[in-house]
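Count residues from 1 along the sequence.
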Amino acid sequence: MKKFFTPKRIIIGLVFIAIIALLYFHSAAFMPFILALFTAFVLEPLINLVIRIFKLKKRFPAVVIVFIMFILFLAILLYLTITRLINETIRFVERIPGYFVEITDYSEEIIIRFNETVANLPAVVIDEIEELNTSLITWATNMAQDALAMLAGWAQAIPNAVVVTIIYLIALFLFSLDLPKYKDSFFNLFHEENAKKVRYMLQRSTRFFTGFFKAQFLVSVIIFIVSYIGLMIITPKNALIMSLVIWIIDFIPFIGSIAVLAPWGLFHLISGDMELAVGLFILAGILLIIRRTVEPKVMGDQIGLPTLPTLAGLWIGLYFLGIIGLIIGPLTIIAIYSAKEAGLIKLDFKI
């Protein structure tokens, strides 16, 4: 009987653990390449489809076509998002003078009523109110300073984000161009029998990614329908365009429709349109509930896992690894299932 823990396997295992630890503790440094590799695997079926449709003999033209399509998709997404943000900002700036007049009138009315109310209160109560008022002013000032510092930090991060995006796109193109070679080199590290098992696991993992994005698409369609109905009730004028923006944003993993509705509702809350703001916040809550209840079921069906393990993988991954855990959690469960099916892990013991 062959020994499983041979010196070679132990060394390979230790190297693998060291690489995982390095990626975990310094994930930010490797993130453009990790995301590029994941995206290359996601785009691989589309590249193969282009090769079959156009009957291409070389891979390069198909990679170029899919890469350009992917960049156009990102450009359209950014254009719609940024254009809407700029338009809303311009509208807000144009309304600022009117807001100041309304706030001034409202504040004067509150002060008059406040003075009338506290005129007959004991001095101790008045002192407590003044201390509370001072605390509120200090809190508001600190909040404003923190917001300005955060905005300044975002502005300073823009050049770095541009560099990271360029590195990500270049890495994605290079990974997509030579992905079959990288896969063959990886499988050559294993004996033929083990290579078949590992290949099966990777095929199962690939199905996870395609199923993951199919699930995201199906859930986002539900989100679009509910968003359109809700916005037709709340603000019919912007219903279609904003439903499309929410649909596109919600299709992106880890972001969700709340990234659109929460700032939009906050904007109208600051503007004084309380009814519209409350409606948007309620719609954001409804969409969040729909995603959290429907997503595990749809994702489980698409990636070939029962609903409960899928939900457990999502939650455990999010709890221990944050946002990226929403992919790593279910992917780990998929790896365990596929390793068991391939015979790498045997759990058929009896007590």
Side-chain angles (χ1 to χ4, degrees), residues 15-48 50 59-82 85 150-186 189 202 205-213 215-217 248-256 259 313-314 317-318 320-332 334-335:
V15 171
F16 181 76
I17 293 173
I19 292 174
I20 294 297
L22 182 64
L23 292 176
Y24 178 77
F25 290 106
H26 301 280
S27 58
F30 299 98
M31 192 55 66
F33 299 96
I34 295 173
L35 292 178
L37 182 59
F38 282 158
T39 310
F41 275 106
V42 172
L43 296 180
E44 183 67 12
L46 187 57
I47 293 174
N48 293 331
V50 171
R59 182 180 175 84
F60 181 79
V63 172
V64 172
I65 292 172
V66 173
F67 184 71
I68 292 175
M69 290 172 58
F70 180 71
I71 291 179
L72 288 175
F73 170 77
L74 293 180
I76 293 171
L77 176 64
L78 289 175
Y79 173 77
L80 291 175
T81 305
I82 294 174
L85 180 62
M150 183 174 63
L151 291 174
W154 287 354
Q156 293 175 357
I158 290 176
N160 184 53
V162 172
V163 174
V164 170
T165 302
I166 293 174
I167 294 175
Y168 162 74
L169 292 175
I170 295 174
L172 171 60
F173 181 80
L174 296 176
F175 274 132
S176 299
L177 197 60
D178 294 324
L179 190 59
K181 295 180 182 178
Y182 294 140
K183 291 165 68 175
D184 291 339
S185 299
F186 176 74
L189 297 174
L202 289 180
S205 301
T206 302
R207 183 187 171 191
F208 162 78
F209 282 107
T210 55
F212 180 86
F213 284 99
Q216 291 293 327
F217 177 76
I248 294 172
I249 295 296
D250 191 79
F251 183 69
I252 302 174
F254 324 131
I255 297 180
L314 289 170
L318 178 65
F320 286 102
L321 301 175
I323 296 298
I324 194 66
L326 293 175
I327 284 183
I328 295 178
L331 182 58
T332 302
I334 282 286

Could you pull out every donor-acceptor pair under 3.5 Å between side chains of residues 166-177 and any protein atom, sequence neighbours left out?
from: Y168; atom 1: OH; to: T39; atom 2: OG1; distance (Å): 2.8
from: S176; atom 1: OG; to: L172; atom 2: O; distance (Å): 2.9

Enter the distance from T165:OG1 to L35:CG here, rounded to the nearest 0.5 Å.
10.5 Å
Test side-chain contact (heavy atoms from CB on, under 4.5 Å) applied to L72 - qualifying residues, sequence neighbours left out
I68
Got a sec, which residues hit side-chain contact (heavy atoms from CB on, under 4.5 Å) with N48, two or more places apart in sequence or on another chain?
E44, I51, R52, R59
All pairs passing side chain to side chain donor-acceptor pair (under 3.5 Å) where residues 62-71 contributes a residue, at least two apart
none
Locate the shortest heavy-atom distance separating A40 from L179; write the atom from each residue and the value.
O-CD2, 3.9 Å
Kindly write out the residues that satisfy ring pair (Phe, Tyr, Trp, His ring centres under 6.0 Å) with F33, not counting sequence neighbours, or none if the list is empty.
none
Which salt bridge (Lys or Arg N to Asp or Glu O under 4.0 Å) pairs, counting each pair once, include a residue from residues 161-172, with sequence neighbours left out?
none
